[in-house]
Amino acid sequence: MDAIISYKKEIPFVKRFFGIVLVLLGITMFLITGSFMALIFIVIGLGLNVAEGSEINLPAKTFRTFNSLFGFKMGRWESIPNFEYVSVFKTKESQTVRVVTAETTQKYDIILVNLFYNRNKHITFYKTNDIKKAFEVADHFKLALDIDILDATGKEKKWL
């Protein structure tokens, strides 16, 4: 069994591509013009390449949620609470895009893998659109932490 369980949300290719292009454009602008306005392009480009994730270090009994930029993970390790069960939960996530005169909100289905402790407190460790992948992650937590899985993707919740 792995000593550290780690999951990172993948960045779509197009988002990563535009992020790298903006960083390169910003660096080029800064070198040619010397303008600090070019730093805006660099910051936006780097922001597009940040991925979210989480890790559990089983031997050290710690966990963290992190942001990863080009493989470098940033996040604070905390002690693992006594996890009682892992839940696979289907919900809707919304994203709002605003322009000066208009605003639109798009909602889409997402599946969360949460680890519950102290009866109703939880930590979201994984987000995905793929229900099969969500159950693979939940099964990994079940084996590593010796806890049960609650399937909350349908109308009726059931223990697996």
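Here the structure is a predicted model, which is why all the values come from computation and not from measurement.
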Residues, nucleotides or ligands: over 12 heavy atoms within 6.0 Å of Q106 CD: no
I32 with M29, same ILVMFWY side-chain cluster at under 4.5 Å: no
Chi angles and distances behind the side-chain contact (heavy atoms from CB on, under 4.5 Å) call for I56, L115: CA-CA 11 Å; I56 296 179; L115 289 170; 3.8 Å; yes
Check against side-chain contact (heavy atoms from CB on, under 4.5 Å), I80 and Y117: CA-CA 10 Å; I80 291 179; Y117 63 99; over 6 Å; no
Interatomic distance, N67 atom CG to F72 atom CZ [nearest 0.5 angstrom]: 15.0 Å
F116 atom CZ: more than 12 heavy-atom contacts under 6.0 Å: yes
Heavy-atom closest pair, residues A134 and V113: O-CG2, 3.6 Å
N49 side chain near L69 side chain, heavy-atom distance below 4.5 Å: yes
D146 atom CG: more than 12 heavy-atom contacts under 6.0 Å: no
Verify same cluster id: F125, I149 (apolar side-chain graph, 4.5 Å): yes
Exam field: side chain N118 to backbone K121, donor-acceptor pair closer than 3.5 Å: no
Aromatic plane relationship, F83 with F63 - under 30° parallel, 30 to 60° tilted, over 60° perpendicular: perpendicular
Pairwise distance OG1(T153) to CG(L112) - rounded to 0.5 angstrom: 12.0 Å
Point-to-point distance, once rounded to the nearest 0.5 Å, from OG1 of T91 to NZ of K107: 9.5 Å
Between CZ on residue F141 and OH on residue Y126, distance to nearest 0.5 Å: 10.0 Å
More than 12 heavy atoms from other groups under 6.0 Å of CZ on F36: no
Closest approach of A38 to G26 (non-hydrogen atoms, all atoms of both residues): CB-O, 3.2 Å
Side-chain heavy-atom pair V88, L160 within 4.5 angstrom cut-off: no
Step-by-step side-chain contact (heavy atoms from CB on, under 4.5 Å) determination, T124 to F89: CA-CA 10 Å; T124 300; F89 181 72; over 6 Å; no
M74 atom CE, neighbour heavy-atom count above 12 within 6.0 Å: yes
Exercise: identify the closest heavy-atom pair between V86 and A138: CG1-O, 3.8 Å
E84 side chain to I147 backbone, donor-acceptor under 3.5 Å: no
Salt-bridge present (K92, D109; N to O < 4.0 Å): yes
I40 side, atom CD1; L22 side, atom CG - distance, nearest 0.5 Å: 11.5 Å
CD-OG1 distance between E136 and T128, expressed to the nearest 0.5 angstrom: 9.5 Å
Single hit among R76, K8, R64 for salt bridge (charged side-chain N to carboxylate O under 4.0 Å, His left out) with E55: R64
side-chain contact (heavy atoms from CB on, under 4.5 Å) evaluation trace for K127 with I111: CA-CA 6 Å; K127 293 181 184 181; I111 299 166; over 6 Å; no
